[in-house]
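Everything below concerns the one structure shown next.
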Amino acid sequence: MTLEAQILAALPKAVSSLYQAEMAENQFNLQETRKEFEGQITVVTFPITRVSKKSPEQTGEEIGAYLQEHIPEIVGFNVIKGFLNLCISDEYWFNQLKSAYLNPNFGKAQANGRKVMVEYSSPNTNKPLHLGHIRNNLLGFSVAEILAANGNEVIKANLVNDRGIHICKSMLAWQKFGNGETPEASGLKGDHLVGKYYVIFDKEYKKQQDLLKAEGQTEDEAKKNAPLILEAQEMLQAWEAGDTDVIDLWKKMNGWVYAGFEQTYAKLGVDFKKFYYESDTYLLGKDIIEEGLSKGVFFKKPDGSVWIDLTADGLDEKLVLRADGTSVYITQDLGTAQLKYDDFGMDESIYVVGNEQDYHFKVLFLILEKLGKSWAKGLYHLSYGMVDLPSGKMKSREGTVVDADDLIDEMVATAKQRTEELGKVDGFSEEEKTKLYQMIGMGALKYFLLKVEPKKRLLFDPNESIDFQGNTGPFIQYTHARICSVLSKAAYNEQTELQYSGNLADTERDLLVSLANYPAVVENAAQEHSPALIANYVYELAKLYNKFYHEEPILKSEDTLVKHFRLSLSAATAAVLKKGMGLLGIQVPERM
RNA sequence: GCCUCCAUAGCUCAGCUGGAUAGAGCAACGGUUUUCUAAACCGUGGGUCACAGGUUCGAAUCCUGUUGGGGGUACCA
């Protein structure tokens, strides 16, 4: 039982003993004591005054005295207005280091038997990944790691959007204008090559529209009648009819894209256990339509199209199947949701998808609930904000995107330059250098994207480079490297026994108190589906460590017990930094 | 029109289910290295928490309204 839990359990007893009143544990409010006051844990006593019928100050004094008497770790307290600040013995904090923080499993929950699927990335195979996808990938990966640390069995899934008219556009443009260009021949990464033709299609398509408009057609007519779009539609039909030429072309070009994605995924450090392909799943969902009709959840309109009426839930009527019997987006998603559940039977299913689809998922989940799917309550849309440029939204077709590969390369190059300027790589082999630059560059990028609350939109200014100082990934990586350096110089031996030898310095106590929070932060991050909580915690911890490092000598401590304690404290901090960063998908170096 | 999300320092962001004098980083200015990595540490300046009401011992936080911005409201995905 943690000390917080002990205090929380003691409070109702205190109230009942002092004031003969009943208060439940959840009516009390514990918080960390603010820096400027003495103590580590604070009880807010305002709520208690209602039953004590005394001033906040007097209530605090009485509760404080009671707690000190009943909980040996509490060695003192002070009362300021409605705040009762409890001083916990230094020895308690010291012992936490020994009994908890240095444990390799610190912050990692026991397996809980729950199964969670995290679907993320879900790219289109007609263009390369951009900064928005990076945010998606990092969020998905990190949330999966955080859930795993909380004892869940996690299945990372990727639903690849490899089908549809947009794919045909790239294929058609390549056929017409590509002259047989291949990644091998041109040296272009496969996904970039395909993306290039997607852009070419759009350009040529616009030209045709302009011609038609010059001939007197309206905007809408021109859009519909341009020969290129008609050809693309024909191609889609031929494809669905099983035309082998089209399918072969699709396979070839998709292969290029996958090879390209694989490289980018590797650089991002993300992985997947299960791939779903829309070309396999796009016909799914029709059973569910039947099911919904027979259950009376859906209804048919005279033209034969199938709908659901969600007006009672404050939403609209929604089409779920076209009159000609073909699926729409939500039909597929209904089917895919069922398929995923049939495959894995998970308790929770998370969709990492941008907030422009909030409405879609609201409807999707509601439909599944109305269909009586027992697993519908475990569905969760992890909605995140767009990454915007100062000029506004990124648009692939118009080429106003920050390309994922370019950005990654740029970050690594900047890391290299910064490191060389600082002259930090003496004695590194070429291989070690390459690895280090990658670690730092990616660390800066990942931290930059993950430290922001997912649902908030994010502004990225390509003209302003991502920082390497202050609240950044490299700052935390640096702190870790710094600790490793001290430990290796001291030939730190973790087997040596820790012995309490007297009072703690303020910075030592602050570090110990902060370390105690790690498991709760990991738990909270899972509940909130928010890697940002981990990022902020890890930053605070690194800051506290640097302060401690600056104020207290470690290697030069006179007392061997103190020296060993400070080394152990350093080791525990390094371990938590490494774990926390690991949950963000960020590696930490031992030297930098 | 309707739905939904957002608004905190010059900039980028924290601020947990309401709690103490609203915090960081960047940028600006000043200081710290014969001592364990200066990608660090310390300090100074910088705020009507968009605005107006309400709820209460207490509101950046909860409620209502207003303004401004994003997204959605497709037989696209």
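A note on names: the letters A, B, ... follow the listed sequences, proteins ahead of strands, and every chain is numbered from 1.
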query = Would a line drawn from the ring center of Tyr329(A) to the ring center of His360(A) be shorter than 6.0 Å?
reply = yes
request  = Output the single nucleotide from rC3(B), rC5(B), rU73(B) whose closest atom is nearest the side chain of Lys455(A).
outcome  = rC5(B)
request  = Tell me whether the OP1 or OP2 atom of rC5(B) has a side-chain N or O from Lys456(A) closer than 4.0 Å.
outcome  = no
request  = Using whole Å, report how far CH2 of Trp307(A) lies from P of rU73(B).
outcome  = 13 Å
query = Does Lys81(A) make a side-chain N or O approach to OP1 or OP2 of rU21(B) shorter than 4.0 Å?
reply = yes
request  = Report yes if a side-chain nitrogen or oxygen of Lys35(A) is closer than 4.0 Å to either non-bridging phosphate oxygen (OP1 or OP2) of rA20(B); otherwise report no.
outcome  = no
key: Exercise: do Thr33(A) and Thr42(A) side chains pair donor with acceptor under 3.5 Å   = yes
task = Indicate, with a heavy-atom threshold strictly under 4.0 Å, whether Val452(A) touches base, sugar-phosphate, or nothing.
result = sugar-phosphate
message = Whether Lys81(A) and Glu57(A) form a salt bridge (side-chain N of Lys/Arg under 4.0 Å from carboxylate O of Asp/Glu) is what I want to check.
response = no
Among rU37(B), rG19(B), rC36(B), the nucleotide that comes nearest once only the side chain of Lys556(A) is considered = rC36(B)
ask   = What integer number of Å spans the C1' atoms of rG30(B) and rG45(B)?
value = 11 Å
inquiry  = Can you identify which nucleotide, out of rG15(B), rU4(B), rC36(B), has its nearest atom closest to the Val486(A) side chain?
reply    = rC36(B)
request  = Quick one: label Glu421(A) by what it contacts on the DNA or RNA (base, sugar-phosphate, nothing), any heavy atom closer than 4.0 Å.
outcome  = nothing
task = Figure out the CG/C1' separation between Asp313(A) and rC3(B), and round it to whole Å.
result = 14 Å
Residue whose nearest RNA chain B nucleotide is more 5′ - Tyr539(A) or Leu459(A) = Leu459(A)
inquiry  = If you count every heavy atom of other residues, nucleotides or ligands that lies below 6.0 Å from Glu590(A) atom CD, does the total exceed 12?
reply    = no
inquiry  = Under 3.5 Å, is there a donor on one side chain and an acceptor on the other for Ser122(A) and Glu119(A)?
reply    = yes
request  = Determine the contact category for Ala490(A): base if any of its heavy atoms lies under 4.0 Å from a base atom, sugar-phosphate if only primed atoms, P, OP1 or OP2 are that close, otherwise nothing.
outcome  = nothing
query = Contact class for Leu315(A) (heavy atom, under 4.0 Å): base, sugar-phosphate, or nothing?
reply = nothing
Interatomic distance, Asn124(A) CG vs rA77(B) P [rounded to whole Å] = 11 Å
task = Write down the distance separating the C1' atoms in rG10(B) and rC57(B), rounded off to the nearest Å.
result = 38 Å
Euclidean distance for C1', rC63(B) against rU55(B) (whole angstrom) = 7 Å
query = For atom C1', what is the distance between rC11(B) and rG1(B), given to the nearest Å?
reply = 36 Å
inquiry  = Base, sugar-phosphate or nothing for Asp303(A)? Non-hydrogen atoms, less than 4.0 Å.
reply    = base
ask   = rG68(B) and rA77(B): how far apart are their C1' atoms, nearest whole angstrom?
value = 31 Å
request  = Answer yes or no: side-chain N or O of Asn85(A) and base N or O of rA20(B) forming a donor-acceptor pair under 3.5 Å.
outcome  = yes
inquiry  = I'd like to know if the side chain of Tyr205(A) reaches the main chain of Lys223(A), judged simply by a donor and an acceptor atom lying under 3.5 Å from each other, with no hydrogens or angles considered.
reply    = yes
ask   = Nearest 0.5 Å, what's the CD1-CE distance between Ile440(A) and Met411(A)?
value = 10.5 Å
Enumerate the protein-to-nucleotides 55-63 of chain B contacts in which both atoms are nitrogen or oxygen and the separation is below 3.5 Å.
none

query = Is a salt bridge present between Glu240(A) and Arg163(A), judged by a nitrogen-to-oxygen distance below 4.0 Å?
reply = yes
Atom pair distance, as rounded to whole Å: CD in Gln357(A) and C1' in rU73(B) = 14 Å
Quick one: side chains of residues 524-535 of chain A, donor-acceptor pairs under 3.5 Å with protein atoms, not counting sequence neighbours, listed by atom name and distance.
from, atom 1, to, atom 2, distance (Å)
Ser530(A), OG, Glu453(A), OE2, 3.2
Ser530(A), OG, Ala532(A), N, 3.4

ask   = Taking atom CG of Leu284(A) and atom OG1 of Thr331(A), what is their separation to the nearest 0.5 Å?
value = 10.5 Å
Nearest-neighbour nucleotide for the Glu453(A) side chain, rG15(B), rA20(B), rC75(B) considered = rG15(B)
request  = Identify which nucleotide among rA77(B), rU73(B), rU37(B) has an atom closest to any side-chain atom of Tyr359(A), counting heavy atoms from C-beta outward.
outcome  = rU73(B)
message = The side chain of Val328(A) is closest to which nucleotide in this list: rA20(B), rA77(B), rU37(B)?
response = rA77(B)
task = Would you mind classifying the nucleic acid contact of Asn536(A) as base, sugar-phosphate or nothing, using non-hydrogen atoms under 4.0 angstrom?
result = sugar-phosphate
key: Whole-angstrom distance between rG18(B) and rA24(B), as gauged at atom C1'   = 23 Å
inquiry  = To the closest 0.5 Å, what do you measure between CE (Met171(A)) and CG (Leu236(A))?
reply    = 8.0 Å
request  = Compute the centroid of each ring, for Phe548(A) and then for Tyr545(A), and state whether the two points are separated by less than 6.0 Å.
outcome  = yes
key: Euclidean distance for C1', rG43(B) against rU35(B) (whole angstrom)   = 22 Å
ask   = Can you tell me how far P of rG72(B) sits from CG of Asp358(A), to the nearest Å?
value = 10 Å
task = In whole angstrom, give the distance that lies between atom CG of Leu321(A) and atom C1' of rC75(B).
result = 10 Å
ask   = In whole Å, what separates the C1' atom of rC3(B) from that of rA40(B)?
value = 49 Å
query = Closer to the 5' end of RNA chain B via nearest nucleotide, is it Arg163(A) or Thr42(A)?
reply = Thr42(A)
inquiry  = Suppose we call two aromatic rings close when their centres sit under 6.0 Å apart. Are Tyr351(A) and Tyr380(A) close by that rule?
reply    = no
query = Please, what dot-bracket string fits RNA chain B when only Watson-Crick and G-U pairs with both distances under 3.5 Å count, crossing ones use [ ] and pairs to another strand use |?
reply = (((((((..((((.....[...)))).(((((.......))))).....(((((..]....))))))))))))....
key: Spacing of Leu310(A) atom CG relative to rC2(B) atom P, expressed in whole Å   = 20 Å
Contact under 4.0 Å: Ser485(A) side-chain N or O vs rU37(B) OP1/OP2 = yes
remark   = Applied to residues 299-315 of chain A, the side chain to side chain donor-acceptor pair (under 3.5 Å) test, sequence neighbours excluded, yields Lys301(A)-Glu317(A), Asp303(A)-Ser305(A), Ser305(A)-Trp307(A), Asp309(A)-Thr311(A), Asp313(A)-Lys370(A)
Short heteroatom pairs, N/O only, protein and nucleotides 39-41 of chain B, under 3.5 Å:
from, atom 1, to, atom 2, distance (Å)
rA39(B), OP1, Lys424(A), NZ, 2.5
rA39(B), N6, Thr419(A), OG1, 3.0
rA40(B), OP1, Gly470(A), N, 3.1
rA40(B), O2', Arg482(A), NH1, 3.0
rC41(B), O2', His550(A), ND1, 2.9

ask   = Taking only N and O in the side chain of Arg457(A), is any of them less than 4.0 Å away from OP1 or OP2 of rG69(B)?
value = no
query = Starting at OH of Tyr198(A) and ending at C1' of rA77(B), how long is that distance when rounded to a whole Å?
reply = 10 Å
note = By ring pair (Phe, Tyr, Trp, His ring centres under 6.0 Å), Tyr447(A) pairs with (sequence neighbours left out) none
